[in-house]
Number of protein chains: 2
Amino acid sequence: MSGNQKEICLEDLKLRILRMDLEPGAMLDEASLASHYGLSRTPLREILQRLAGAGFISTRENRGAKVASMDVATMRVFFQTAPMVYANISRLAAENHSSRQLGDLQTAQLEFAKSTERGDAPAAALANHRFHAIIGEMAHNPYLVAALNRLLIDHTRLSQTFYRPADPHEEQLVVRASEQHDALISAIEAREGALATDLTLQHWDLSRDRIERFVRPDPLPVDVISMKEHRGAV
Amino acid sequence: MSGNQKEICLEDLKLRILRMDLEPGAMLDEASLASHYGLSRTPLREILQRLAGAGFISTRENRGAKVASMDVATMRVFFQTAPMVYANISRLAAENHSSRQLGDLQTAQLEFAKSTERGDAPAAALANHRFHAIIGEMAHNPYLVAALNRLLIDHTRLSQTFYRPADPHEEQLVVRASEQHDALISAIEAREGALATDLTLQHWDLSRDRIERFVRPDPLPVDVISMKEHRGAV
DNA sequence: TGTATACATTTTGTATACAAATTCAGACGC
DNA sequence: GCGTCTGAATTTGTATACAAAATGTATACA
């Protein structure tokens with residue numbers, strides 16, 4: 001029972017970081033985390049080292065651990081890097097996957113679809129994360145997967161930062177994303193690397209557009225502004 | 001003094017793995033490592049977690065740690081992935097580096113040149129590793145650097161596996177590699193991303209050819225083979 | 001009011017002791 | 001001979017106590 005308590009703690013911390021229940025840059029207190037998960041500080045500190053190695057947190061000597069931050073510079077690099085890595089991973093997944101992994105992928109996509117249908121955005125974000133992480137596993141490329149998993153951490157967090165449940169347009173985009181997932185599964189299953197690459201780039205464009213629309217929304221109507229200006233001048 | 005003993009241990013273990021002083025797949029004994037570095041097992045185990053996170057070793061629950069293995073499947077993936085990552089890292093380094101880092105790069109290259117001149121292959125391999133790791137830092141891209149550093153671990157180990165100091169052709173190749181390093185430094189300094197990409201791919205071709213020549217050596221003279229066949233048939 | 005310094009508190013890092021798991025070796029039956 | 005069962009020996013994992021470092025706070029002084 002307590003044998004996998006460490007694993008539970010590790011996975012739960014990953015989840016809390018991805019959900020931004022633990023915010024980017026937040027300090028982590030060893031003592032409280034240890035007691036929360038029913039561990040002593042020794043195994044908890046080992047977990048922190050592993051989380052740091054996977055890019056979830058950063059640690060500084062004598063200065064404690066904090067959740068990986070997400071500043072503007074990081075975002076810029078993220079947008080620059082993601083499409084290349086995603087596309088290559090998908091191509092490799094199509095070429096190298098084993099059929100057993102395909103079932104896991106379909107399960108993850110089912111979970112994504114269900115989460116979106118019931119409007120559970122955090123669950124959808126996590127299912128989406130899992131979907132793309134599985135594609136990473138299917139690529140059988142430990143080098144690129146290291147890059148992918150770090151990208152996915154920030155992607156999942158970004159998606160949730162820039163999510164507006166009220167926006168009706170948003171729902172449309174999610175439906176399209178789900179359709180793209182299905183198409184990508186088919187391409188991987190058929191081992192069509194080129195198609196998988198293409199679909200992944202389309203999927204990326206959709207995701208990027210959604211975030212871009214948030215950062216740069218439709219400008220306010222000009223005449224309203226001029227009216228206000230006019231009144232101010234009186 | 002004992003404050004950075006942990007750091008010393010971490011760096012030394014990395015070096016020993018890169019030099020294959022600790023062979024791929026070798027089991028690591030916590031107790032002996034701890035006593036060797038004058039640490040207790042607690043901090044040593046934290047170091048092992050960090051090494052695992054960086055891809056130097058792999059750990060299994062209750063089963064100890066072992067140096068990352070290098071099987072044929074891994075090598076295939078390595079050759080498939082390296083050029084893309086290297087090329088992109090070099091381009092980003094040219095675009096994003098700070099001038100302070102350029103000095104470190106030149107220092108590393110000087111160390112590489114000196115090591116090759118005195119025929120110190122292990123030192124040259126490590127200096128070469130450091131040279132390319134610094135280019136990784138200059139790229140300011142934490143995602144791709146994660147992939148790069150894993151590639152470099154295997155690249156450095158592969159290079160030493162497939163090294164024949166006796167071969168006179170080998171020396172020529174090393175001289176060319178050193179020249180390519182110099183050219184790459186200039187391209188990065190001039191912030192010429194396209195040129196840096198190009199030079200890096202040439203550098204990669206050289207490295208790959210050297211290893212390939214080892215794996216698939218010049219075929220034996222045809223007549224010798226046929227003679228042997230003939231004799232066997234008698 | 002602002003700064004510096006000494007001291008108390010909190011947090012991080014390490015060593016040691018002990019618990020749990022795995023491995024090894026010899027005995028036993030087939 | 002070959003597999004496998006059992007218990008010792010080894011190795012890994014965890015908790016606790018203590019040491020070291022950083023942080024916070026109050027006081028003295030300019």
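Lettering follows sequence order; numbering is per chain, from 1. Below, each value reflects all heavy atoms present in this structure, side chains not excepted, and no hydrogens, waters or symmetry copies.
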_Between the base of D/dG13 and the side chain of B/Arg45, is there a donor and acceptor pair under 3.5 angstrom?_
no
Nearest-neighbour nucleotide for the [X] side chain, [options] considered:
X       : options                : value
A/Ser40 : C/dT11, C/dG13, D/dT16 : D/dT16
B/Lys6  : C/dT14, D/dA22, C/dA21 : C/dT14
B/Thr42 : C/dT14, D/dT12, D/dT16 : C/dT14
B/Arg41 : C/dA17, D/dA17, C/dT11 : C/dA17
A/Pro43 : D/dA15, C/dA17, C/dT12 : D/dA15
A/Asp29 : D/dA22, D/dT12, C/dT11 : C/dT11

*Report the stems of DNA chain D as range-with-range entries sorted by first number; a stem here is at least three consecutive pairs, Watson-Crick or G-U wobble, both distances under 3.5 Å, and write none if there are none.*
C:1-30 with D:1-30
May I have the distance from [X] (atom [atom1]) to [N] (atom [atom2]), rounded to whole angstrom?
X       : N      : atom1 : atom2 : value
B/Met27 : D/dT11 : CE    : C1'   : 10 Å
B/Ile8  : C/dT14 : CD1   : P     : 12 Å
B/Gln49 : D/dT12 : CD    : P     : 13 Å
B/Glu46 : D/dG13 : CD    : P     : 13 Å
A/Asn4  : C/dA20 : CG    : P     : 15 Å
A/Leu44 : D/dT16 : CG    : C1'   : 15 Å
A/Arg60 : D/dA21 : CZ    : P     : 16 Å
A/Ile47 : D/dG13 : CD1   : C1'   : 12 Å

*Contact class for A/Glu30 (heavy atom, under 4.0 Å): base, sugar-phosphate, or nothing?*
sugar-phosphate
*asked:* Treating B/Arg91 as the side-chain partner and B/Ala139 as the backbone partner, does any N or O pair qualify as donor plus acceptor under 3.5 Å?
replied: no
*Is a side-chain donor or acceptor of A/Ser178 paired with a backbone partner of A/Val174 at a separation under 3.5 angstrom?*
no
*Could you check whether the rings of A/Phe131 and A/His181 sit parallel, tilted or perpendicular, using 30° and 60° as the cut-offs?*
parallel
*Report the relative orientation of the aromatic rings in A/Tyr86 and A/Phe78; use parallel for angles under 30°, tilted for 30 to 60°, perpendicular for over 60°.*
perpendicular
*So does A/Lys14 pair up with A/Glu11, basic N to acidic O under 4.0 Å?*
yes
_side-chain contact (heavy atoms from CB on, under 4.5 Å) partners for A/Ser115, two or more places apart_ = A/Glu111, A/Arg118, A/Ala123, A/Ala124
_Those residues that, when tested against A/Pro43, pass side-chain contact (heavy atoms from CB on, under 4.5 Å) (two or more places apart)_ = A/Lys6, A/Leu39, A/Ser40
